[in-house]
Each structure stands twice: as structure tokens, then as C-alpha cells.
Amino acid sequence: MKKVLVSGMVFLFVFSAFQNAQSTNHKYYWMKIEAHDKFQRSVIANTGASIEIVKDDYVIAYGNEINLAKIKSIARVIAASDMMAEQQFHINTGFGTLDFPTADSAFHNYSELTTELEKLAAANPDLVHLTSIAKTNENRDIWALRITQNLSDANQKPAAIFMGGHHAREHVSVEIPLLWAQYLVTEYRKGNTRVINLVNSRDIHIIPAVNPDGLEYDVSGKKYKLWRKNRTQNGDGTYGVDLNRNYGFGWGTGGSSQNTSDDTYMGPKAFSEIETQAIKNYVEAHSNITILLSTHTFSKLILYPWGGQNNPINVANDRQVHETMAKKMSVWNGYKPEQASDLYIASGDTTDWAYGVHKIISFTFELDPDSSAGSGIGGIIGGKCEGLIAPGCAGFYPGQAQINPTFQKNIEPFMYLLDHADNPYRALAE
Ligand code: 0X9
Ligand code: ZN
């Protein structure tokens with residue numbers, strides 16, 4: 001009996017190792033799936049595919065053939081088209097040039113981002129302080145900029161934190177916090193009194209690229225790879241944890257996957273990742289932070305907790321302050337304000353943790369473009385996103401011309417967030 005059990009275990013081990021070795025060789029699919037409400041969408045999110053576009057009657061999701069098979073058993077798949085390219089297999093075959101395709105050279109790769117941040121800090125030592133908050137698996141610094149008039153008493157000032165680049169393919173979400181930092185300094189020097197007053201009276205934290213390893217991987221070889229996660233080696237041949245499923249509030253309670261090869265893999269435990277640990281430690285070291293914004297792309301949404309449960313926040317004024325601020329900001333940027341779980345349930349995201357554990361008023365912006373970008377299932381050119389025909393490609397890779405207009409429409413919301421760091425509840429009386 002014992003022998004049978006042991007050989008059974010050996011078989012299972014060998015079999016699962018084989019399966020896992022195969023799991024890096026997934027085919028990826030864009031899927032158009034019938035779904036009429038958040039409950040149907042949450043069931044789809046539970047398969048480990050990532051939902052990228054939400055419409056009244058359907059969603060567009062991205063995932064592998066296992067996700068697709070699971071989805072087929074629970075919902076009607078209207079169309080699915082596979083990404084055939086070798087780079088969709090997501091195996092490290094050498095990085096090649098770590099840079100954007102030439103047509104998108106206005107985006108900053110990691111070394112260009114580092115240079116910009118260093119330049120800003122070096123030219124403005126009285127205002128801008130650059131630190132590395134962690135070294136990633138691949139030895140990149142996660143940079144934090146602190147903009148404040150007098151560093152020695154910054155801890156006494158109300159603080160807001162802006163961060164981007166949790167998801168590798170969401171490059172616009174890195175450019176916007178970078179532009180925000182540059183804007184604050186430029187306007188300060190120009191004598192913009194509103195900016196001067198805010199910079200003098202606030203402690204401003206900006207972390208433009210939470211996931212530098214993933215961001216670099218996504219552009220390696222000058223080809224977009226539609227990569228989402230970080231680049232942790234999961235130990236079974238697969239790479240990456242979804243950093244926006246790895247935070248430690250309600251971790252692993254829905255809309256995230258235990259399967260290492262899935263795009264929404266939650267990690268082996270909450271805060272298993274260097275990147276999420278770094279954000280946790282940083283936020284906890286700055287207890288004056290009252291406001292948090294995490295930029296993502298795309299769909300033009302302003303999201304607030306909860307994302308991991310359908311209930312609204314049950315503390316009335318906390319719920320109202322999120323709702324009121326989101327609504328107010330939506331007038332400026334034209335984005336749709338809603339509770340994150342109205343899209344679909346997803347647990348372990350940044351804002352649920354920041355609000356749930358630290359009572360920080362927290363928002364996710366899903367930046368431009370809107371969800372009509374490539375929302376039909378089209379053909380795919382060479383399996384890459386360069387043809388921008390596949391759904392989601394245009395959404396994640398909208399082209400460099402999109403960067404500045406996206407920033408311009410978000411200046412006022414960002415100023416509003418910063419302004420209200422002294423007392424977010426003020427928004428309720430305005
Ligand atoms: O799924 C995510 O992590 C975010 N969308 S993205 O396309 N950038 O990946 C949305 C997070 C919002 N939270 C919930 N929907 N619960
Ligand atoms: Zn994202």
C-alpha cells in the first residue's frame with residue numbers, strides 16, 4: 001500500500017513537473033466572451049485570464065489555452081483569436097535590445113527613465129530627492145522621487161503617493177507619473193503659485209515604475225510582448241506574479257489565480273514579491289500619506305475600493321469621500337468613476353490594501369485610451385501587437401502621441417488629489 005502511494009506520488013510529481021515545464025509554452029488568446037454583469041465577469045476573472053475590456057454585453061479577455069477551455073465551460077465565447085508569435089511563449093531567450101519600437105521612442109525605457117529622474121533630482125536638490133526603495137530580481141532599482149520644499153520637516157506635512165507601472169504592458173502608466181514629477185518642478189520654477197503652494201505644503205511621493213523588470217521585458221528586442229506580471233522565476237519554468245494581486249488585504253479571495261502560468265497569478269503568499277514589499281515598506285515608513293493613486297491602463301476609469309468584494313466600503317464617510325472625489329475628478333478627465341469590483345472581483349490589489357489596512361484614500365486610474373480601442377476581434381499581424389489590430393493591442397500600445405493628451409487631462413485630478421492630502425474629507429463639504 002505504502003509502495004503504491006509512494007510510486008503514485010513520484011508519478012504525480014514527475015507528471016506535474018512535466019506539465020509545468022510545458023506551461024511556459026502556452027498559446028495566448030484574445031477572447032470575446034458574453035457577460036452581462038459583474039457577477040458573470042467575476043466568474044470569468046476567476047479562470048486566471050485578465051479581463052481588459054468591459055462592455056455591457058461582453059468582455060475582451062487575454063489568456064492562455066487553459067484559461068480559454070475553462071471559460072468555454074462556463075460562458076459563451078463569441079470569438080477567440082490566438083497570438084501565434086514566438087514571443088508570446090514568454091521564455092527568456094535573451095533580452096536583445098531593451099527598448100521600445102522606434103515609432104514609440106518617446107516612451108522611456110528603464111535606463112532613460114533613470115536618467116530623467118536623476119537629472120530632475122540633480123538639477124533641483126532643494127526640491128527633489130531620489131531614492132531606490134528596492135533592488136528587483138534582475139537588480140534594477142525601484143525609484144522613488146520625493147518632492148517637497150524642506151526634506152527635514154516633510155514628515156510633518158500631508159503626503160500623497162502616485163505610482164505607476166505595476167503591469168508591464170501598461171507603459172503609459174509610467175509616463176504619466178514621470179510627467180507629473182517634471183510638471184511640478186517646472187511649474188514651481190516658473191512661479192505657478194498654485195504649484196508653489198502645494199509643493200511647499202505637501203510631501204509628494206512618486207514611484208513611476210513599480211515593476212521595472214516586467215516593463216523592460218515587455219519591450220525587449222523592440223517588440224511588444226503583452227507581458228503583465230513581474231519576472232520572478234516561479235521555480236517551475238514559468239515567470240511572473242501579478243503585482244496587482246499580491247498585496248496583503250483579502251489576498252487570494254477571488255479574481256486571482258493560484259496557477260503560476262496565469263496572467264493573474266497571485267504569488268505563493270501575500271507580499272511574496274520584492275516590488276509589493278517595497279511599496280508596503282515605503283508606505284508604512286511614511287505614515288503622513290493620506291492619498292494614494294495607482295495608474296494603470298486602459299479604459300478611462302477612476303476606480304476605488306473595494307475591488308476584492310462586491311460590498312461597498314461600509315464606513316459611510318470613507319465610502320462617500322471615495323465616491324465624491326472620484327466623481328469630481330471624472331469631470332476633468334472624462335473617465336468613468338466606479339467601485340473597482342463593479343468591473344469584476346479582483347483581490348490583492350494596491351488600493352484595497354492601502355485603504356483596507358491603512359485607511360489611505362485610494363484610487364486606481366485606468367488611463368487612456370478608452371475601451372473601444374481594438375474592441376473587436378480582428379486578425380493578428382504576425383502574432384505581435386505591432387499591427388495594433390488585436391483587441392487590447394491598441395489599448396496597451398496606443399502610440400506615443402497619446403502620452404501628452406493623457407497627461408494634460410489628468411493634471412487637474414492630480415492637483416486635486418494633492419490638494420486634498422491635508423484632509424480628504426474636506427471634499428464632502430465642497
Ligand atoms: O485587473 C487589474 O489589476 C486592473 N485592471 S488592468 O487592466 N490594469 O489590469 C484593475 C484593478 C481594479 N480592481 C478590480 N477590478 N477589482
Ligand atoms: Zn494594470
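These values consider heavy atoms only, across backbone and side chains, with no hydrogens, waters or symmetry-generated copies. One-based numbering, in listed order, for ligands and for the atoms of each.
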Distance criterion under 2.8 Å: protein N/O/S atoms around the Zn ion (ligand 2): 4

Short question: side chain of Arg426, backbone of Asp419 - any donor-acceptor pair under 3.5 Å? yes

Can you tell me which residues line ligand 1 if we count any heavy atom under 4.0 angstrom from one of its atoms, in chain and number order? Glu52, His167, Glu170, Arg228, Asn244, Arg245, His296, Thr297, Leu303, Gly307, Ala340, Tyr344, Ala346, Asp349, Glu366

Approximate separation, where rounding is to 0.5 Å, of Tyr217 OH and Arg228 CZ: 16.0 Å

Would you indicate whether the side-chain heavy atoms of Glu116 and Gln182 approach each other to under 4.5 Å? yes

Quick check: does any side chain N or O of Asn67 sit under 3.5 Å from a backbone N or O of Asn64, one acting as donor and the other as acceptor? yes

Is the shortest side-chain N to carboxylate O distance from Lys336 to Asp342 below 4.0 Å? no

Between Tyr355 and Lys359, is there a cation-pi geometry (under 6.0 Å to ring centre, at most 45° from the normal)? yes

Counting only heavy atoms not in Glu65 (residues, nucleotides, ligands), do more than 12 fall under 6.0 Å from its CD? yes

Student check: side-chain heavy atoms of Lys32 and Ile53 closer than 4.5 Å: no

Hey, is Asp141 close enough to Lys135 for a salt bridge, meaning N to O under 4.0 Å? yes

